[in-house]
Amino acid sequence: CFPGKDATQSLEDINIADWVHTNMVGGCISLLESLDPQEAAVVKMAAVFTGPFSVLDLAASSSSVWGGALRVDLLRLYRACDQLCEQNILQEAPVD
């Protein structure tokens with residue numbers, strides 16, 4: 001399964017920080033570092049959602065109600081999500 005690990009060991013016991021040299025983890029790190037700051041923030045916020053999310057969910061996670069620039073913030077988040085979809089980093093979910 002994993003070098004030095006048996007198949008019965010819990011995934012929580014695996015130290016992924018030791019995998020930095022692998023292609024998969026290195027590729028993910030390189031991809032995250034190549035993103036614009038807004039896009040990187042969206043990817044980091046998206047990682048904590050357990051299912052589909054909207055721009056409004058992202059805004060609730062990142063914008064202050066008293067900031068005064070909510071429409072501009074929403075537009076920036078939407079644009080970042082759109083760019084991430086074009087790069088196949090995010091996938092658009094069907095609306096019910």
Side-chain angles (χ1 to χ4, degrees):
C1 189
F2 300 107
K5 306 289 180 187
D6 61 41
T8 61
Q9 193 168 15
S10 173
L11 290 176
E12 286 82 22
D13 295 335
I14 298 172
N15 185 7
I16 197 164
D18 293 339
W19 294 11
V20 175
H21 64 281
T22 65
N23 186 34
M24 178 185 73
V25 174
C28 288
I29 291 171
S30 295
L31 177 67
L32 286 173
E33 289 177 351
S34 71
L35 296 174
D36 290 336
Q38 186 74 42
E39 293 170 358
V42 167
V43 171
K44 290 175 185 177
M45 286 186 283
V48 300
F49 293 114
T50 58
F53 59 90
S54 70
V55 172
L56 294 175
D57 295 324
L58 294 171
S61 301
S62 66
S63 300
S64 171
V65 183
W66 300 280
L70 184 59
R71 288 189 179 115
V72 174
D73 290 342
L74 286 174
L75 185 59
R76 287 182 184 146
L77 287 171
Y78 176 78
R79 185 175 183 283
C81 288
D82 190 49
Q83 293 292 323
L84 292 168
C85 285
E86 286 182 13
Q87 297 174 37
N88 292 322
I89 296 171
L90 289 182
Q91 181 179 3
E92 189 172 337
V95 178
D96 293 335

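Note that the coordinates shown come from a computational prediction; the quantities given were computed from them, not determined experimentally.
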What side-chain donor-acceptor pairs closer than 3.5 Å can you find for residues 24-34, not counting sequence neighbours?
residue: S30; atom: OG; partner: G26; partner atom: O; Å: 3.0
residue: S34; atom: OG; partner: L31; partner atom: O; Å: 2.8

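Residue pairs meeting the side-chain hydrogen bond (donor to acceptor under 3.5 Å, both in side chains) criterion with at least one partner in residues 79-95, sequence neighbours excluded, do not occur; the list is empty. Counting only residues at least two apart or on different chains, no side-chain hydrogen bond (donor to acceptor under 3.5 Å, both in side chains) pair has a member in residues 36-51.
Within the 4.5 Å cutoff, the side chain of L84 has heavy atoms near those of the L35 side chain.
The two atoms that bring L74 and V55 nearest to each other are O-CG1, 3.7 Å, heavy atoms only.
Contacts of D57 classified as side chain to side chain donor-acceptor pair (under 3.5 Å), with partners at least two apart in sequence or in another chain: S54. Residues that satisfy the ring-ring contact (aromatic ring centres under 6.0 Å, His included) test with Y78, not counting sequence neighbours, are absent from this structure. Here A46 pairs with F53, L90 under the side-chain contact (heavy atoms from CB on, under 4.5 Å) rule; sequence neighbours left out.
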